[in-house]
Amino acid sequence: MSDTLFQTMLDQALKFEDRSKNPGRQTLGLKRIHKRPLIVRVVPFEPEARPHIDDAALALVVVDPEDCPEPSYAVLQEVFGITKSEARVGNRLTCGVSLQEAAEVIGVTIGTVRSQTKSLFAKTGTNRQAELVRLLTRLSLISDERD
């Protein structure tokens with residue numbers, strides 16, 4: 001993405017206060033070398049909200065798809081009774097690694113990871129790895145600490 005395209009997107013967001021009248025882009029990808037692009041979303045603020053946020057006209061929300069969201073152990077323990085060992089496995093799975101890779105990173109056997117994954121399924125009420133990952137990713141949004 002060029003600097004010109006990014007500047008045009010910002011200019012349009014500032015020009016058209018009514019989002020429904022904004023003909024331009026509001027989301028784009030910022031290319032990086034050897035990584036997925038950063039996703040940038042322009043979020044204009046309603047005029048009546050601006051005095052409460054130092055007269056800011058818009059915010060840029062940047063998402064790094066390479067970032068690995070991890071819910072805190074405290075949240076997992078309080079909500080589901082998950083142990084620290086189970087949380088480590090769940091967090092590795094949330095980062096997209098296989099069971100084998102999780103075992104290698106954590107330093108345990110694949111059998112241990114399988115056992116802890118089954119325990120995670122039982123404690124969270126999930127049945128598939130995709131369900132577990134979805135749940136843990138959502139919980140990372142409310143986590144304020146990393147263990």
Side-chain angles (χ1 to χ4, degrees), residues 1-107 113 116-147:
M1 185 208 71
S2 70
D3 290 342
T4 304
L5 180 59
F6 185 59
Q7 188 62 52
T8 300
M9 187 177 79
L10 292 175
D11 290 344
Q12 287 178 345
L14 291 169
K15 180 179 177 183
F16 296 99
E17 290 184 358
D18 182 352
R19 281 187 244 181
S20 65
K21 294 179 183 176
N22 184 350
R25 296 174 72 152
Q26 293 183 347
T27 306
L28 56 94
L30 299 176
K31 294 186 185 210
R32 302 187 290 178
I33 298 172
H34 305 298
K35 290 185 176 182
R36 290 182 219 137
L38 291 172
I39 310 302
V40 179
R41 172 99 182 169
V42 175
V43 181
F45 294 126
E46 299 296 330
E48 54 274 3
R50 294 177 185 170
H52 304 289
I53 49 176
D54 293 329
D55 291 319
L58 56 88
L60 295 179
V61 179
V62 181
V63 175
D64 183 352
E66 301 290 326
D67 188 26
C68 179
E70 295 182 11
S72 71
Y73 165 68
V75 169
L76 296 176
Q77 198 283 321
E78 290 169 5
V79 175
F80 299 109
I82 291 172
T83 67
K84 281 193 176 189
S85 297
E86 292 164 346
R88 278 193 292 274
V89 169
N91 286 341
R92 292 300 93 219
L93 296 178
T94 302
C95 293
V97 303
S98 67
L99 296 180
Q100 182 63 47
E101 291 167 326
E104 291 169 7
V105 168
I106 297 168
V113 169
Q116 290 171 335
T117 301
K118 287 178 186 176
S119 180
L120 285 166
F121 289 154
K123 289 180 178 182
T124 60
T126 57
N127 296 302
R128 297 183 334 265
Q129 190 170 325
E131 285 179 289
L132 177 64
V133 168
R134 183 182 69 204
L135 173 65
L136 296 179
T137 299
R138 287 180 176 167
L139 288 174
S140 70
L141 297 173
I142 62 168
S143 294
D144 60 354
E145 61 183 73
R146 304 288 185 232
D147 295 309

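Model, not experiment: these values are computed from the prediction.
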*Determine, for Phe80 and Lys123, whether the Lys NZ or Arg CZ falls below 6.0 Å from the six-membered ring centre while staying within 45 degrees of the axis.*
no
*Donor-acceptor contact present, side-chain Glu101 to main-chain Ser98, <3.5 Å*: yes
*Just do the side-chain contact (heavy atoms from CB on, under 4.5 Å) check on Thr126 and Leu120 with the steps written out, would you?*
CA-CA 8 Å; Thr126 57; Leu120 285 166; over 6 Å; no
*Hey, are Gln116 and Ser119 close enough side-chain-wise for a donor-acceptor pair under 3.5 Å?*
no
*Might you point out which heavy atoms bring Ala59 and Phe45 nearest each other, and give the distance in Å?*
CB-CZ, 3.6 Å
*Under 4.0 Å between a Lys/Arg side-chain N and an Asp/Glu carboxylate O for Glu86 and Lys118?*
no
*Have Ser85 and Arg88 got a donor and an acceptor in their side chains that come within less than 3.5 Å?*
yes
*Where do Leu135 and Thr124 come nearest, in terms of heavy atoms and distance?*
CD2-CB, 3.6 Å
*side-chain contact (heavy atoms from CB on, under 4.5 Å) evaluation trace for Val43 with Leu58*: CA-CA 5 Å; Val43 181; Leu58 56 88; over 6 Å; no
_Step-by-step side-chain contact (heavy atoms from CB on, under 4.5 Å) determination, Val63 to Leu38_ = CA-CA 6 Å; Val63 175; Leu38 291 172; over 6 Å; no
*Over all heavy atoms of both residues, which pair between Asn127 and Phe121 is shortest? Give the atoms and the distance, please.*
O-CE1, 4.1 Å
*What are the two closest non-hydrogen atoms of Ala87 and Ile82, and how far apart are they?*
N-CG2, 3.5 Å
*If you measure from CG on Leu76 to CD on Glu78, what distance do you get to the nearest 0.5 Å?*
9.5 Å
*For the atom pair CZ (Arg134) and CG (Leu139), what is the distance rounded to the nearest 0.5 Å?*
11.5 Å
*asked:* For a quick test of reading the model, state the closest non-hydrogen atom pair linking Pro65 to Arg32 and the distance between them.
replied: CD-NH2, 4.4 Å
*Are Arg36 and Glu66 close enough for a salt bridge, meaning some N to O gap below 4.0 Å?*
yes
*Nearest 0.5 Å, what's the CZ-SG distance between Arg92 and Cys68?*
5.0 Å
_Ile39 side, atom CD1; Leu30 side, atom CG - distance, nearest 0.5 Å_ = 8.0 Å
_Determine whether Glu70 and Thr94 satisfy the following criterion, side-chain contact (heavy atoms from CB on, under 4.5 Å), listing intermediate values before the conclusion._
CA-CA 7 Å; Glu70 295 182 11; Thr94 302; 5.8 Å; no
*Gap separating the SG atom of Cys95 from the CG atom of Asn91, nearest 0.5 angstrom*: 6.5 Å
*Report the distance from atom CG of Leu99 to atom CG of Leu93, rounding to the nearest 0.5 Å.*
5.5 Å
